[in-house]
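For the numbers below, each heavy atom of this structure counts, side chains included, while hydrogens, waters and symmetry mates do not.
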Amino acid sequence: MADILRIFKRDMCGIFRNVLVLIIVIGLCVLPALYAWFNIYANWDPYGNTGNIAIAVVNLDKGWTKNDSENVNMGDGVVASLKQKDTIGWKFVKSEEKAVEGVKSGRYYSALVIDEQFTYSMYHGVADNIENPRITYYLNDKKNAVATKITDSAASAVKSSINKQFIKVLAEQVFKETNVISDDMKEKDAVGQMTGKLEAVSESLAQYDAMIDTFIDGNKALSQVSKETGEALKDGQDKLAKGTDRLEESKNDLQSTRQSFDSFSADITSALAKVKSSIDDISKQISDANLSQDVNTIQSDVQNIKQSADALKGNIDNLEDKINKIKPDMDDTHVGTLISNIELVKEQTRSMIESTLSVDLSGKTQNSAETLKSVMSALSSTASAVNDTYTSQIVPQVDGMISSMSSVLDSMQTTLGNLSQTSGSMAQVFDGVDSTLDTLNMSITQLKSIIESASDKINTTLDKLEAASEDEKADIIVNLLSGNPEKLGSFFSEPVQVSDNYIYEIANYGSGVAPFYTTLAIWVGMTIIVSLVKVHADAKGLGKLKPSQLYFGRYLTFFLLSQVQTFIIVLGDLYLLKIQCVHPVSFIVTGAVTSLTFSLLIYSLTISFGDIGKALAVVVMVLQIAGSGGTYPIEALPAFFRAVYIFFPFPYAINAMRECIGGMYENTLGKCYITLLLFGAASLVIGLVIRKPFIRLNHFIEKRMEDTEML
């Protein structure tokens, strides 16, 4: 530890003894803070200056004259409303052509054009030929990507305001008409008619209610059938899968049969060849008149014929057994022909064996030779007949049947596969039916609730009418129909009042982006330090030191400089820019922890890999700027950044600072600290362990770079 401190003290003395170095170091400490402060200040309240963003407005509305001769122009009302709002730089232009040309040239970011029939459409929203009030919106995306998003928001606000006004006008017109009806009812004796109509409506609503109950019951039954059918389809899929497995086994068995038949064919062909060879040998000896001398040889050949014939018989029996096993799966006609041919071969083989047994070599006369020659000729004919029957009849028939069975199995397998796919699709359809029925039932249930509520109100009114006097009945009906059109219009234009409740509210956008720019400035500051200050300590005059002592001895200098940089940055955030910060002390501590992690990581990369390590630090910084969630939410970034961001320290430093600025949630801050310190531990592994194999390589690269006299 003493040697580490000696290196640190020597570095400090070197800094404070040289005025130029001291000035440079002070500049290094202040520069990152300026980077952070300028960016935070530039983003302090970007939406507060949107009044400088120009949007052209053109009002072509011709207005409309109502029945009472009152002229109304809703377009003028929209223009008057916009003139009172300074959040956007509204520019009021006379013609649509000038507005569009201004958008093209970039003079305006966008333009709103109010249609000629705007007011007329507003007051005739429930006419037979409905035509919505129209506003045409032009925008120029080329000029500035963010500005168009702001103008889009402004246009949406105008649209929302106009929609509210439209609903208000529509509701006012409706309730004015009902007031006219109520006034007419006061003058005319329409109580009886209205009571009858209310009773008819009540009866209809009751019928609708009963019909909905029936419909809901029917849906429940249909849903049950759908579920049962879906389960049956899934069970069928399992059975189809088992059938497919069994077909695969049958195909394997058929392949085994083909291989067995090929083996039998080889054995039969071999046996026939041996029989033929023995017959040819005997016939040659008879022809050469060597019967007396070669009787022993002939006897041996006759014995070979018998053995080959016995083997042939055994192979034919095996073939017959195999055919009998697969006989149930084959066509009856083909089976009958095949069995007949096999029986013929067996009979011919038995005849061959009997002929062989009848050969008598006890006499050595010419008569015996002639007899033997006749027997051999018969045997040769029988062997040829066996060979012909087998090769021309049995072999093609067995091959054809095996190929046919294989084709049938392939076809069945394809059919089962199609059935499985179809049943799977049907199962998905019935799952969709269940979901649709559930949604439909929910909607119908809500409709039933509305009908019941309306029915209750009408029945209550009917009860009041029944109990009221003749004079009171008219008042009850008038009160049911009449109302204040303006109040009712206001209610229907905005029936739901939304109250905003902010959790961890941030006072301004600058405070919201302060964690990102502060974190980035800390990284940039350390990157600048390793670019200007040597990371390798000079051991000259300090004796023999270990690499770890040199590592920590010089790192203390970088640690101190990075902490000073960070302290200036966070103090400026808090007391110069006056960002919102609920926990300022924790904010300062978070900056220190972040600085420790970043300085360890960048210092370790640089001392381990030299200039390549510096480049890596820059690459990691670029990746973190794009994918740390500092400006845009992580969820809104491309898939690559969503996958890798957890492997970088930026998100944890930014989240820790957000906890300090907006407010703490449970132990989120502690988790961020632990993660940052884990990155610091990984940095020590890089600098103390991974670095060792690269020491000589780094020296070699640095030497070669110096030789170029350029790097």
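Put simply, the side chain of V582 does not reach to within 4.5 Å of the side chain of F587, judged on heavy atoms. Between Q563 and F567 the shortest side-chain heavy-atom distance does not fall below 4.5 Å. Considering only heavy atoms from C-beta on, S586 comes within 4.5 Å of M664 through its side chain. In this structure, I625 and M621 have side chains that are in contact, with non-hydrogen atoms separated by less than 4.5 Å. Looking at heavy atoms from C-beta onward, Y138 lies in side-chain contact with E96 at the 4.5 angstrom threshold. With a 4.5 Å cut-off on side-chain heavy atoms, V58 and F92 do not count as touching. Counting heavy atoms from C-beta outward, I634 and P651 have side chains that stay 4.5 Å or more apart. Side-chain contact check for L28 versus I528: some heavy-atom pair is nearer than 4.5 Å.
Here the side chain of N18 pairs a donor or acceptor atom with the backbone of V21 at under 3.5 angstrom. Here the side chain of Q624 pairs no donor or acceptor atom with the backbone of F648 at under 3.5 angstrom. With hydrogens and angles disregarded, a donor-acceptor distance shorter than 3.5 Å links the side chain of S599 to the backbone of L596. Q549 places no side-chain N or O within 3.5 Å of a backbone atom of I4 that could act as its donor or acceptor partner. Side-chain atoms of Q580 come within 3.5 Å of backbone N or O of E505 as a donor-acceptor pair. At distances below 3.5 Å, not a single donor-acceptor pair connects side-chain atoms of Q565 with backbone N or O atoms of V30. Here the side chain of T566 pairs no donor or acceptor atom with the backbone of S595 at under 3.5 angstrom.
The structure places CD1 of I506 at 8.5 Å from CG of N508, a figure rounded to the nearest 0.5 Å. From R10, atom CZ reaches atom CE of M12 across 12.0 Å, with rounding to the nearest 0.5 Å. The distance from atom OG of S511 to atom CG of L577, rounded to the nearest 0.5 Å, is 9.0 Å. The distance from atom CD1 of I654 to atom OH of Y517, rounded to the nearest 0.5 Å, is 10.5 Å. Put simply, CH2 on W523 and OG1 on T594 are 11.5 Å apart, with the number rounded to the nearest 0.5 Å. Atoms CG and OG1, on L574 and T518 in that order, are 9.0 Å from each other to the nearest 0.5 Å.
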**Item:** I135/V113 under side-chain contact (heavy atoms from CB on, under 4.5 Å): CA gap, chis, key distance, verdict
**Value:** CA-CA 5 Å; I135 289 182; V113 180; 5.9 Å; no
**Prompt:** Which is it for T668 and N655 under the side chain to side chain donor-acceptor pair (under 3.5 Å) test, yes or no, and what are the steps along the way?
**Reply:** CA-CA 8 Å; T668 301; N655 288 339; over 6 Å; no
**Message:** With ring pair (Phe, Tyr, Trp, His ring centres under 6.0 Å) as the criterion, how do F598 and F650 come out once you've worked through the C-alpha distance, each side chain's angles and the decisive distance to 0.1 Å?
**Reply:** CA-CA 9 Å; F598 289 2; F650 259 42; 5.6 Å; yes
**Request:** Carefully, step by step, assess M657 and T519 under the rule side-chain contact (heavy atoms from CB on, under 4.5 Å).
**Result:** CA-CA 9 Å; M657 292 185 184; T519 300; 3.7 Å; yes
**Message:** Test side-chain contact (heavy atoms from CB on, under 4.5 Å) on Y665 and E659; report intermediate values, then the result.
**Reply:** CA-CA 7 Å; Y665 175 74; E659 290 292 298; 4.0 Å; yes
**Message:** For a side-chain contact (heavy atoms from CB on, under 4.5 Å) check, start with the C-alpha distance between I522 and I569, then their side-chain angles and the critical distance, and finish with the verdict.
**Reply:** CA-CA 8 Å; I522 296 172; I569 294 170; 4.1 Å; yes
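For the ring-ring contact (aromatic ring centres under 6.0 Å, His included) test, residues two or more places apart in sequence or in another chain that qualify with F558 are Y603. Remark: R554 pairs with D11 by the salt bridge (Lys or Arg N to Asp or Glu O under 4.0 Å) rule, at least two apart or across chains.
Nearest heavy atom pair, residue G510 against residue I40, reads O-CG2, 3.6 Å. Pairing each heavy atom of I607 with each of V535, the nearest pair is CD1-O, 3.7 Å. Here the closest heavy-atom approach between residue T590 and residue C660 is recorded as OG1-SG, 3.5 Å. Across all non-hydrogen atoms, the minimal contact from L601 to P649 is CD2-CG, 4.4 Å. Closest heavy-atom contact between Y35 and V524: CE2-CG2, 4.5 Å. When all heavy atoms are compared, the tightest approach of I568 to W37 is O-CZ2, 3.2 Å.
Side-chain N/O atoms of S683 and S604 include no donor and acceptor closer than 3.5 Å.
The aromatic rings of Y555 and Y551 lie parallel to each other, with less than 30° between the two planes, well short of the 60° mark.
Applying the side-chain hydrogen bond (donor to acceptor under 3.5 Å, both in side chains) test to residues at least two apart or on different chains, none of the pairs has a partner in residues 639-653.
A cation-pi arrangement, defined by a distance under 6.0 Å to the six-membered ring centre and an angle within 45 degrees of its axis, is absent between K91 and Y108.
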